[in-house]
Amino acid sequence: MAPSSQRRLNQLLNELKETPAPIGTLKLGDITYEVPASSTPSRLARSPNLLDVNDPVNLDNLHFLLQKYLLGQDIFLVSQPGPYARRLALTFASIINTEYEYISLHRDVGETELKQGREIRAGGNLVYVDSPAVNAVKHGRLLILEGIEKAERGIMPVLNNLLENREMNLDDGTHIIHPHRYAQLETTNTEQGKVFIPAHRNFRVIAIAAPVPPYPGYPLDPPFRSRFQARFIDPVGSLLSLTHPSTQPVSLYDKLRDLILSTQYASESRSALEVISKTSLPPFPQTALVKLRSLLEKFPPPEQLSPAQLSRLFLTIHPGLIHAPFQAWAILSRQTAEGGLGELGSPSMASIDENIGFFGYTIASIKRAGDNTAQLTFNPPPGLIPVTVTVPAGPKQFLPHPFNTKLDFKPTPRFMGLLTCFLQAHSLGWDISFIPPALPSTASASTNTLVRVFGQLLGYESEVVHMYKELGGRELVMRRRIEDGGATVWEPSPLVEGAWSGRLLHLSGLDVIGSTAGSLSRLVQDREMELWEGKRLVTEASEDEIKSGELSIAHPSFRVISTASKSLLLKDWLSDEHANMFFAIPSQPMDVTEESSILAATGCPQAYIDTLLTFAEKYRNSMSADNVLKNRKLGTRTLVRIARRLALFPQDVDLRSIIQRSLLAEFLPATEKMNLNTLLEDSNIFKLTPPFNPDPFIDGKVLTFPGPSSTGGETLPTLIPLFDPAQDPEGAASHVPHMDHFYDNSLQTGLMRDIAIDLEVLGEHIVLLGNQGVGKNKIIVPGGIINYTDSPLLRAIKFGRVIIIDEADKAPEHVVAIFRSLAGQGEMSLSDGRRVRPALEREGDIVVHPNFRLILLANRPGYPFLGNHFLQVLGENFSCHSVSNPDQESERNLIGQLAPELGKDLVLRLVAVFNDLRKGYENGLLNYPYSLRELINLVKHMKAYPSDSLGDALRNVFDFDIYKPDTIDKLAEILILHGLQVPHLGLDAARETAKKKVQDIHFEPKDTSLDQPKEGEHDDKEHSGGNKWAGGTGGRDTAGMGGKGGYKRHYKGGDIKQISDAEKQNVPDHIREKAREMARQELQRRLEELDMSASEARGYGALLNATQAHMASLLDLLEHLAAKEEERVWVKRQTDGELDDSRLTEGITGESTVYKRRGMEKPEIGRPQIKPKRIKFIFDLSASMYRFQYDGRLQRSMETAVMLMETFDRLSRKEKYVWDMCAHSGDGPDIVLTEADKPPTEVKERWKVTEKMYMVPQYAFAGDYTVEAIMKGVKDVASYDADDWFVIAITDANFGRYQISPEELTRAMKHNPKVNTALICIGEGAEASWITKSLPGRAFRVANTGDIPNVLRSILSTMVDR
């Protein structure tokens, strides 16, 4: 048969196929629709959570959907985050009995998920598997695309042609075309029946997205948007429609419902149409009323809720209130009072025995009711009857309740109250999100213990899944595996396995994966999910559907509990989407009494516990969102570690050094370090004289650290047992490190002792942080077995070895998350499906050996080290040690051992020089932390080459700084201070070396008479001698190098030929004077260019010199941040580049996106472009600044202004920062110094600014406008379209005299939550001790005005580098 005839026959047969008989007629308003039967019933909607079709709101929306469906148009549902829009689409599919496909979009979705995937079957056959989108278009199904705002803009155009023309080119070589075009197709291609596939006429698309703004996400691509018919889902209608009708009226529900709806209406007023204002009450999540009604019906509330109970209820149904500003709480409290519910109170526990279960209920008993069910009984608040409910449970034996066995936790009222909340949420059928405290640092909230005990009480098999930032949406659901024959198969992730088996899934650190967590919303809310190759997870299915593998069932006992890593601020992840997915339970940290009892259980003396808790309270209160990413948190876990140490070694307690070590105080910015020292002294924790630590020695099978010398009582030696080689013969033979040299010194001996105690006595994992070259790699020796095999981490876990991870701060966040999980819970999941666990739970588990220890080596956090802020991800699971440079005495002894040939006097001076260099770095005068490594290398050179001068040896270290004259000048100053005369440094030293290298060439010009200094003629050739050409060498009169009689040095390249020193000295006085005159004329010409007098130039130069070092440090930091924003990372899922070994399996199947390339990191969702940072500096120019200038406050302020102006002028990426300076005085709050859109670019303009600063306070009236200036500055800055906003102010106000209260100042500083503010109090202002307590992390008292530039630089560095 001819090809065309065959094609025509196929077409006729297709058209003659029986259309499925209608199963009924749907009448919806004015539309009548014959509902067809389904050819594949397994693809029909079967969710138990479909909407009520009798609800008027739902009916109206369904009517619109049917109109568009019949017109053949695709639909776009614009809805606030929540399940309503998805359930609406599924309800529509249900009433017209159409099959559907579903895709949840997130930032990792690529073409494979939208077109076709590749699989290799047994025998090596490559097959193409259609995506849900392709299945929908081929079989005439409804395609639901949810989360359009999360998909990257380059992905959605893949669907544009499918939407517009019903066409798509597929990877298997086939082409989907419009059905009308297919009918008209005429071709002689014999393969046409296989190549061209008609799009089914019933194919439709329903897209769902949240509006951007106000919600975060990517804006819609106009071509994509134009292909849809839009429908806005009314938030009020969806709130009410999701709620089932009440069986009996509840007064509390009616009042709260009215409040929730009025809040929604208020958020839609004209003034709030832009972005939902952070200073007003944000609207409630879509599921707020559903949760409220089910909670009230299952657990009847008392007649009147206490203010605390009411607050906790609001935080549960609207968790975003946890990080809402105070104004939002004030608005809400006023509304509850007006509604007859009373005012809101603090959600925290008012007393240690308060019952914090919802509405005052308490869990009374837990009994097994069936194989997979339990019966819970809750004791009610007074006046109500007990509540008994049957809930899902696991198959394991229950932990008895009431508790009658020995427990590894304390069932305090706080703990049991939170546990009751968990069980109440579980009885309502919701998954749980345990929300961490809003405060940056608190006592423990018992997060992991609560999750574990909840699972044990209900007999659950528990599975912990640790989240990390790079985790993709597909990896949450499935992973690929290659079988022995080469075939590829998909395996379920722990999440899907848990859903099938009815486990308790603990999603630990869900906050770090950002918007990708939203891809789980359908599973969490409806217990449905698309799996691989067309398979689907549902809540109910027939036996035949399950046997065929098309459908699988989510076990009714399956539950999810999500917890946060606490490495991110709540506002960065606690979104409406998260609130709609989970039943939120706000945490309650331990109070002082409970925390004290936990510490007392370690055996630590009570006096130490009281001191520790006093300090902990002050330290935690001092932390704010402004400094939390710079400071180390002080949680209960850290305090327990300290208490255990104090209990075991009470005789050598230096509490201050132990606390400073735990908080890594050495690496804090200057301002934070000052605050920490103040807090320690306020807690009566004072600095002690460091003891001397004698060298350790091995005595038999024990490593002995002799007791440190002390001025106090007796000190005892520390005995550490050596490793027994019989425990690991292979490791002992090949993995014990060999040290070429280690020079004992007191500081590092003490550090080794501390590390040995942590590793061997306390059983801790540790992290060592320090600058480069301080010996981090050389310290871990006693008893350590280090593994460097192909899979070192896994082998160390199995055999109980110590594994050292170097450069841990450079590790990606998901790797750091693995370290955290291993150290904290002894858990890790491997890519091949195996698990690492502390004990054997399932076949195939790898058990952590009790001797396994992790040691992480990392550089100090922050600039100039280019690592990540990995300590925030790492948490408190490691014992931290800061590795410092040795003290001077230890350093002298070390250098003496290394090079005994050097005289003691020289060693003493060299050590002192490097000690001062490090102080210069700490004080911000130098921008490189010179380490012990540099000193050792310097000494090695001097020892090996004694004929080289000190200047030659110093070049090994300081040639890096050739073009940093401030560093060279500081070095010269320090060398002279310590009596070391080096004639040439920096560029001079380099050129002196060049002269040395040609010292055997002696050049004497024939004609040595001098005329007069002149510029000389210019050309591009090299000249030597003579007096005609400029830029020559060894000449006379002209500008050049190595000659005599010229008025300036001028280098144009080439070898420098020096004339003799005698010739150089033989220059007549009148020639010398002429050269000086020409130099003066050159200076005058430059001043005329700048329109400045010589005295003005000297004045500005003095201001400039005073802060040169701070300026260089600040410039380095700001340049580094600009570069960091453009830092390249590995961009994965690319079509070219280097092969990505994590996607090798995909490569075998033929996927194209298996490469990675270095490229720019994608911005966070909702921030498609990086805007500048907006900074305003406010100076105090009041009369007192002039009156009391004897302490240098005005001079220092002017120097600071010069530092800022010069720094921002020298930036290479000026567009990254928009800045200005203003001032306040007794005359007003708004004195303009510089303008944001017109910064001073010339020296003259910057000099005028400093002149103005000097003159204003001379003529200012008495008075103070500090508060008004800050308020105005905050408003000005906030109005700018920026990436971040900063206001830094200086004041010397006497707050008492001008009646400035803490409340007034705090209100001004926190006027707009998005603006980061800081206040430097000098002079009389520094005397107000309440400043730092009222504004922790924002206000700083600076008693010494000389510290103003340093403190301001430190504040700015801390604020912008977040």
Side-chain angles (χ1 to χ4, degrees), residues 19-41 43-80 82-103 132-133 135-146 148 159 162-164 166 178-180 199-209 224-242 286 522 526 528:
T19 304
I23 61 171
T25 303
L26 172 68
K27 291 184 179 179
L28 188 53
D30 56 349
I31 303 175
T32 302
Y33 176 68
E34 296 295 323
V35 179
S38 167
S39 59
T40 315
R43 310 312 289 176
L44 292 173
R46 57 182 70 212
S47 170
N49 296 318
L50 297 180
L51 301 177
D52 180 6
V53 294
N54 296 314
D55 184 288
V57 172
N58 298 338
L59 273 176
D60 185 45
N61 286 327
L62 291 169
H63 182 265
F64 169 81
L65 294 178
L66 187 56
Q67 284 180 323
K68 300 294 107 180
Y69 183 85
L70 294 176
L71 286 174
Q73 295 174 331
D74 297 326
I75 303 156
F76 200 110
L77 300 179
V78 180
S79 168
Q80 69 177 140
Y84 179 85
R86 180 179 65 251
R87 290 178 183 173
L88 175 67
L90 290 172
T91 304
F92 174 70
S94 176
I95 65 171
I96 66 171
N97 202 48
T98 189
E99 300 158 14
Y100 79 95
E101 299 286 347
Y102 174 89
I103 299 177
N135 274 327
V137 74
K138 283 183 177 180
H139 301 292
R141 295 171 182 162
L142 183 67
L143 175 62
I144 301 172
L145 300 172
E146 186 170 21
I148 298 290
L159 297 179
L162 184 64
L163 295 167
E164 179 73 10
R166 294 303 192 248
H178 196 283
H180 295 317
H200 199 289
R201 64 179 183 275
N202 291 339
F203 168 63
R204 303 288 188 277
V205 178
I206 296 180
I208 301 169
F224 183 76
R225 166 181 161 163
S226 67
R227 290 169 167 86
F228 288 96
Q229 304 296 298
R231 178 74 167 184
F232 174 69
I233 302 298
D234 179 17
V236 172
S238 59
L239 269 165
L240 294 170
S241 298
L242 287 173
Q286 200 178 73
R522 184 171 168 229
D526 296 333
E528 293 187 342

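Since we're looking at a predicted model, the values are computed, not measured.
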E99 side chain to T40 backbone, donor-acceptor under 3.5 Å
yes
Nearest 0.5 Å, please: how far is CG in L163 from CG in L145?
7.5 Å
CG/L71 to CG/L66 distance, rounded to the nearest 0.5 angstrom?
9.5 Å
Here the pair of heavy atoms bringing Q73 nearest to Q229 is OE1-CG, 3.4 Å
Kindly compute the distance separating OG1 (T98) from CZ (F203), expressed to the nearest 0.5 Å.
11.0 Å
Quick one: does R86's side chain get under 4.5 Å of L77's, heavy atoms only?
no
For a 4.5 angstrom cut-off between non-hydrogen side-chain atoms, does V205 reach R227?
no
Could you pull out the closest heavy-atom pair between A230 and F64, with the gap in Å?
O-CZ, 3.6 Å
Side chains of N61 and R231: donor-acceptor distance under 3.5 Å anywhere?
yes
Roughly how far, to the nearest 0.5 Å, is CG of L142 from CD1 of I96?
6.5 Å
To the closest 0.5 Å, what do you measure between CG (L162) and CG (L143)?
8.0 Å
Answer yes or no: does atom NE2 of H63 have more than 12 heavy-atom neighbours from other residues, nucleotides or ligands under 6.0 Å?
yes
Please evaluate residues D74 and R166 with respect to the criterion salt bridge (Lys or Arg N to Asp or Glu O under 4.0 Å), reporting the C-alpha separation (whole Å), side-chain torsions for both, the decisive distance (0.1 Å), and the verdict.
CA-CA 11 Å; D74 297 326; R166 294 303 192 248; 3.1 Å; yes
Pick out which of Y69, F92, Y100 makes a side chain to side chain contact (heavy atoms under 4.5 Å, CB included) with R204.
Y69
Does L51 offer a backbone N or O that forms a donor-acceptor pair with the side chain of T91 under 3.5 Å?
yes
Nearest atoms (heavy-atom pairs only) where S238 meets Q80
OG-OE1, 3.7 Å
Grab the two heavy atoms, one from E34 and one from P22, that are nearest each other, plus how far apart they are.
OE1-CB, 3.8 Å
Under a 3.5 Å cutoff, is there a donor and acceptor pairing between the side chains of Y84 and N58?
yes
Could you pull out the closest heavy-atom pair between N49 and R87, with the gap in Å?
O-CD, 3.2 Å
So N54 and L59, do their side chains get closer than 4.5 Å, heavy atoms only?
no
Indicate yes or no: at least one non-hydrogen side-chain atom of H200 is less than 4.5 angstrom from one of H139.
no
Point-to-point distance, once rounded to the nearest 0.5 Å, from CZ of R141 to CG of L44
9.0 Å
Which atom of N97 lies closest to which atom of P36, heavy atoms considered
ND2-O, 3.0 Å
Test side chain to side chain contact (heavy atoms under 4.5 Å, CB included) on V57 and L240; report intermediate values, then the result.
CA-CA 9 Å; V57 172; L240 294 170; over 6 Å; no
